[in-house]
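The structure appears below as structure tokens.
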2 protein chains.
Amino acid sequence: MAAAAGVSVATASRALNDTGRMTDETRERVKQVAAELGFRPNAMARGLLSKRSFTIGLLTNDTYGRFTLPVMAGISEALVDRGVSVFLCAIEDDATLAKVHVDAMLDKQVDGIIASGKRVDRRLPVDLSKAPVPVVYAFTDGPDDSVTFVSDDAQGSREAVEWLAGCGRKRIVHITGPESFASVHVRAEAYRAVVGEQAEIYYGKWTEAWGHEAVARLWDGAAIPPDGIFCGNDQIARGVVDALRERGVTVPGDVSVVGFDNWEIVAAATRPPLTTVDMNLRALGREAGLTVLALAEGERVEPGIRRLPCQLVVRQSCGGSAPT
Amino acid sequence: MAAAAGVSVATASRALNDTGRMTDETRERVKQVAAELGFRPNAMARGLLSKRSFTIGLLTNDTYGRFTLPVMAGISEALVDRGVSVFLCAIEDDATLAKVHVDAMLDKQVDGIIASGKRVDRRLPVDLSKAPVPVVYAFTDGPDDSVTFVSDDAQGSREAVEWLAGCGRKRIVHITGPESFASVHVRAEAYRAVVGEQAEIYYGKWTEAWGHEAVARLWDGAAIPPDGIFCGNDQIARGVVDALRERGVTVPGDVSVVGFDNWEIVAAATRPPLTTVDMNLRALGREAGLTVLALAEGERVEPGIRRLPCQLVVRQSCGGSAPT
DNA sequence: CTGAAAGCGCTAACAA
DNA sequence: TTGTTAGCGCTTTCAG
């Protein structure tokens, strides 16, 4: 580059990297010239030598981006200023496609890979266990000896149910998704732990339609309907709230409802807006990003599952006031 | 690598790349050994020489991913088999952050950049016009001499309104977003072109709440309410449908409704599911991807705005049958 | 304090 | 048909 601008490439390199010893004057001059010329060191050449690409790959099967985008945002946020960029690869449960993507990333010498997904209890259709670079799992299942980040659904659920109780609700039921989901169990058990004996759990689908149906069952049945409902996700919650309104039951007047996910598009559009559990996916991404990077730099990281706390986002579907 | 496996590095290189002349036997043997060793050519070293990184950057300010994700999927789909990976950079209207990301990408020698966004009539907070690599714009505004891909909202809107008319609707109104959006005008004009004199356009927000409010105005007013409604987006449409149901007006019995965007989460959850306009963002991404790549390979591409056709997705909010 | 030279992993001339 | 050599743009000994 600006070796032409007075010094040898070696000096230039040292000046720009703040290494080596030299007159401040020389260093400054080089930087000056570099800036004027808009010089950018070629990361490939640099990487060839340093064995680091300052690049990581994010693999996901969450095509819709519901979970991956916040995670991605967190990763990116944590790593931009360290100069690392991230490859996003959406592999929709297609093993072949996944392999193609992983190979492409590996060829490009990514410093690490973060595997993510749409379901905590499912694996991506690729075996990353013998990848030549560090791998961390975020919001997807990983091998036993891996480092995995997930949200603490139990804690989140507990807070949700306790909030409902704190609003004075006496008969709190749980309307949730399919029993085949691990997160359904975790959330249900946390719910059960709080309400005890009188736990009532209704399993169904992750849809608004199921929310409607569940309300129909509860209110058309002989029993006294509940006054508090903890829903497995925001879509169900929205269905529940809509169904309630349609039968003249007021929320939060007669019944308090809490959702799960804090998916803006549904939580904020519900009337009234949903009080719901946020999984802090962005923070999760941040941790995951920092962790692969640490691993890439040779640090040792204890394998295991790390559960990051969820946070209750209070809106208006429960009455009650702002969070403590 | 497997130079140790019998031949010189040059021969190995030629064998693996199917270049040069040599015995099929040698070539096969090299490939064999390479496969056994799980050898992967170092893309950085290769790129250093070829001046190509097989990497492109996708820049977007659409944090929520509503528009960018499908675009991204299209780009990725078009480019994986050409071996190119894509860096996703979410810059939330923050010029500084944008610059950091762009610089990082440039350092990494991306072969090109695709700028995308959440609004067709706004620019990203970065000047890409003098980037040292080709840039194409997808679903965001670009400089005059750039190549830009957008969806053909006019055509999409026309089809939507014609569909409504085809369902026998006589008085079709248009409930849409803020006048400050260019797409609002494009869609409104297309609507006006079809219905002519009797066009009635209601500007508001992109929300369900506005859909409710608009219905209230139309039905509580003195005039005879419409029998067909073309909405500026799916959220408004959902608000409209919900409001209609609440006042006992049936959809599609009494009124037909069409949305815009085909945002699954809202379009499919509406009761009844929305007939709506899909912008084919994935196809748009595919074109954009192929185009940057062509540019990167030195092909000349005529600058200008390319409008890709939208497609009407028929569900149940209009009655009528499957599309022709 | 600074420059010359070697070398990262690969491909492309040029020889053999 | 195959091997040798040079060099991509940078960092890093090792001399000067």
Side-chain angles (χ1 to χ4, degrees), chain A residues 1-35 37-55 83-84 103-111 132-133 296-298, chain B residues 1-35 37-55 83-84 103-111 132-133 296-298:
Chain A
M1 79 114 176
V7 296
S8 72
V9 294
T11 310
S13 171
R14 283 184 288 241
L16 268 357
N17 293 306
D18 285 315
T19 56
R21 229 183 300 281
M22 73 184 64
T23 15
D24 283 355
E25 191 259 319
T26 310
R27 198 182 293 280
E28 276 317 311
R29 184 161 42 87
V30 173
K31 286 187 175 179
Q32 179 78 29
V33 178
L37 267 54
F39 170 80
R40 357 184 44 68
N42 183 322
M44 300 190 116
R46 179 185 290 205
L48 196 51
L49 212 31
S50 67
K51 264 79 176 63
R52 297 267 277 107
S53 64
F54 291 92
T55 272
V84 353
D103 284 350
M105 288 175 2
L106 258 18
D107 285 350
K108 275 151 197 145
Q109 311 289 116
V110 288
D111 294 335
V133 297
E297 281 161 1
Chain B
M1 80 117 177
V7 297
S8 71
V9 292
T11 310
S13 171
R14 283 184 290 239
L16 268 357
N17 293 306
D18 284 317
T19 56
R21 230 184 298 284
M22 73 183 66
T23 13
D24 283 354
E25 192 258 321
T26 310
R27 198 183 293 281
E28 277 317 312
R29 184 161 42 86
V30 174
K31 286 188 174 177
Q32 179 78 30
V33 179
L37 267 53
F39 169 80
R40 359 184 44 71
N42 183 323
M44 301 189 114
R46 179 185 290 203
L48 196 51
L49 210 33
S50 68
K51 264 79 176 62
R52 296 267 277 105
S53 64
F54 291 92
T55 272
V84 354
D103 285 351
M105 289 175 0
L106 257 19
D107 285 351
K108 275 151 197 144
Q109 312 290 116
V110 289
D111 295 334
V133 297
E297 281 161 1

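In the text below, chain A, chain B and the rest are named by the order of the sequence lines, each starting its count at 1.
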To the nearest angstrom, how far is [X] atom [atom1] from [N] atom [atom2]?
X       : N       : atom1 : atom2 : answer
M44(A)  : dG9(D)  : CE    : P     : 12 Å
E25(A)  : dC1(C)  : CD    : C1'   : 12 Å
L106(B) : dG9(D)  : CG    : P     : 16 Å
R52(B)  : dG9(C)  : CZ    : P     : 23 Å
R29(A)  : dT2(C)  : CZ    : C1'   : 11 Å
D107(A) : dC10(C) : CG    : P     : 10 Å
R21(A)  : dC14(D) : CZ    : P     : 16 Å
L16(B)  : dC10(C) : CG    : P     : 9 Å

Heavy atoms under 4.0 Å is the rule here; annotate nucleotides 11-16 of chain C 5' to 3' with B where the base is hit, S where only the sugar-phosphate is, and - elsewhere. BBB---
Nearest heavy-atom pair of [X] and [Y]: which atoms, and what distance?
X       : Y       : result
D107(B) : R40(A)  : OD1-NE, 3.1 Å
A45(A)  : L48(B)  : CB-CD1, 3.6 Å
S53(B)  : Q109(B) : OG-O, 2.7 Å
F39(A)  : L16(A)  : CE2-CD2, 4.1 Å

Counting heavy atoms from C-beta on, name the nucleotide in [options] closest to the side chain of [X].
X      : options                 : answer
T23(B) : dT2(D), dC10(C), dG9(D) : dT2(D)
N42(B) : dG3(D), dC10(C), dT2(D) : dC10(C)
K51(B) : dG3(D), dC10(C), dG9(D) : dG9(D)
T26(B) : dG3(C), dT2(D), dC10(C) : dT2(D)

To the nearest 0.5 angstrom, please state how far the CG atom of L37(B) sits from the CD atom of Q32(B). 11.0 Å
Gap separating the OG1 atom of T55(A) from the NZ atom of K108(B), nearest 0.5 angstrom: 5.0 Å
Describe the nucleic acid contact of R40(A) in one word from base, sugar-phosphate, nothing, applying a heavy-atom distance below 4.0 Å. sugar-phosphate
For the pair K31(A) and D18(A), find out whether any cationic side-chain nitrogen is under 4.0 Å from an anionic carboxylate oxygen. yes
Under 4.0 Å between a side-chain N/O of S50(A) and OP1 or OP2 of dT12(D), yes or no? no
With a cut-off of less than 4.0 Å, is there a side-chain N or O of T11(B) near OP1 or OP2 of dG3(D)? yes
